[in-house]
Amino acid sequence: MTRRSIVVGCGHYLPERVVTNEELAKRVDTSDEWIQKRTGICERRIADDNQNTSDLAINAAQDALASAGVSADDIDLIVLATATPDETFPATATRVQAALGMTKGAAFDVQAVCTGFIYALNVADNFIRLGQANRVLVIGAETFSRILDWEDRTTCVLFGDGAGAIVLQGIEESGDAEPRGILSNHLHSDGRHHDCLYVDGGPSSTKTVGHLRMEGPEVFKHAVNNMASVLGEALTANNMTAADIDWLVPHQANKRILDGTARKLRLSPDKVVITVDRHANTSAASIPLALCEAVTDGRIQERNIVVMEAMGGGFTWGASLIRW
Ligand code: COA
């Protein structure tokens, strides 16, 4: 018997405030035309001043629990991916745990910036496959608006706030030749690229929160290469080709990166779930937000081959391949 993890529920939360490209063009020297043409982004959501990352995460978690038909008492573990925690410590996951009324189990954060959700999913899957947890809330939640330099047009137009969550559950595989659940995870990092994408602050280095700094074109180049290569790695590990993919749910950074990755793999653009036009880059939240949308609107169906993949600061990158 092999233990596997299947997704039994998903949820999302987006702040109400929509910020359009036109609105940003009043703050910095940019235009709706430039942003749309270079990134595919039309608008993004920005959290209210009194909303923290945990508030977004709690809403997404409650939505995911409702969709799974389970309560917080049924959850053994919360793994929350974020690069914008409420506080330096404790983990934002523990705030979510308290708000859900969950007093047992464990809760912690994972930090891999935009690859955070894939890292969190991999951690949760390992807990389940080892029998250390049976039902796990995996959350990606961010308030990147708090770490943007709103005077830097090369970065402030690219990001948004939001949260997505899934409930992952263990099942005993019954010898099915085509089992459901997470079939493989693939994680990578290469810390030599720190200076391409980082925040110039932190409790230990500068004692400030800091702002996001990025060499956009350099990140772009690595993103297409790394996302295509890790996707190829996931397919090879499962004896599959791009033709086997029903849905690709990539990290949503830039429409041109998504088009470039699909082109490299000769994958039909119709199979790629896109939300970057409405959400912009919500870092660790972008994959669960896109996933939740495609599950809720019925695109993703049971037994579909779904591949999630991401690339982010560090650099970090990774993929998870699931038979839904
Ligand atoms: N509005 C108008 N002009 C802008 C602008 C904006 N918001 N941002 C940059 N520009 C200007 C630049 O200053 C530059 O002007 P110049 O030619 O006079 O020097 C010009 O546009 C081209 O800049 P460049 O950076 O070469 O553009 P690009 O086509 O590479 O697009 C990004 C920039 C950031 C959209 C693109 O590089 C990108 O998406 N990179 C990856 C970012 C990413 O995904 N990060 C997160 C990864 S998890």
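Bear in mind that the values here come from a model prediction, so they are computed numbers and not experimental data. When a ligand or atom number is given, it counts from 1 through the structure's own listing order.
- Here's the thing with Asn281: none of its N/O atoms is less than 3.5 angstrom from an N/O atom of ligand 1.
- The protein heavy atom nearest to atom 22 (C) of ligand 1 is Arg38 NH1, 3.7 Å.
- Residue Met311 touches ligand 1 through its backbone alone, judged by heavy-atom distances below 4.0 Å.
- From the protein, the heavy atom lying nearest to atom 24 (P) of ligand 1 is Pro217 CG, 4.2 Å.
- Of the protein's non-hydrogen atoms, the one nearest atom 1 (N) of ligand 1 is Thr30 OG1, 2.7 Å.
- Residue Thr154 approaches ligand 1 through these ligand atoms, each under 4.0 Å from one of its heavy atoms: 8 (N), 9 (C).
- Taking CD of Gln97 as the start and CG of Leu100 as the end, the distance is 8.5 Å to the nearest 0.5 Å.
- Taking only nitrogen or oxygen atoms, main chain and side chain alike, Arg153 reaches within less than 3.5 Å of ligand 1.
- The protein heavy atom nearest to atom 44 (O) of ligand 1 is Ala253 CB, 3.3 Å.
- A side chain to side chain contact (heavy atoms under 4.5 Å, CB included) with Val249 is found for one member of Ile322, Ile300, Val272 and no other, namely Ile300.
- Shortest contact from atom 39 (O) of ligand 1 to any protein heavy atom: Asn254 ND2, 2.6 Å.
- Under the side-chain hydrogen bond (donor to acceptor under 3.5 Å, both in side chains) criterion, Thr155 pairs with Asp152, not counting sequence neighbours.
- The N/O atoms of Gly216, backbone and side chain alike, include one that comes under 3.5 Å of an N/O atom in ligand 1.
- For atom 45 (N) of ligand 1, the nearest protein heavy atom (residue, atom name, distance) is Met214 SD, 3.2 Å.
- One finds the CG atom of Leu137 at 10.0 Å from the CG atom of Leu168 (value rounded to the nearest 0.5 Å).
- Residue contacts with ligand 1: Thr39 is placed with no nitrogen or oxygen under 3.5 Å of a nitrogen or oxygen of the ligand (distance criterion only).
- Of all the heavy atoms of Ile257, the ones lying under 4.0 Å from any atom of ligand 1 belong exclusively to the side chain.
- Of the N and O atoms on the side chains of Thr316 and Ser189, not one donor lies less than 3.5 Å from an acceptor on the other residue.
- Across Ile139, Val138, Asn134, a single residue satisfies side chain to side chain contact (heavy atoms under 4.5 Å, CB included) together with Val136, and that is Val138.
- A donor-acceptor pair shorter than 3.5 Å cannot be found between the side chains of Thr53 and Thr92.
- Note that OG of Ser283 is 6.0 Å distant from NE2 of His251, once rounded to the nearest 0.5 Å.
- Ion pair Glu293/Arg278 flagged as a salt bridge, since at least one NZ, NE, NH1 or NH2 atom sits closer than 4.0 Å to an Asp/Glu carboxylate oxygen.
- Every atom of ligand 1 with a heavy atom of Cys114 under 4.0 Å away is listed here by number and element: 48 (S).
- In Val28, neither the side chain nor the backbone holds a heavy atom less than 4.0 Å from any atom of ligand 1.
- Among protein heavy atoms, atom 47 (C) of ligand 1 sits closest to Val219 CG1, 3.7 Å.
- Nearest heavy atoms, Ile6 versus Gly181: CG2-CA, 3.5 Å.
- Side-chain contact, Gln252 with Ser286: no donor N or O sits under 3.5 Å from an acceptor N or O.
- Of the protein's heavy atoms, Trp34 CH2, 3.3 Å lies nearest to atom 8 (N) of ligand 1.
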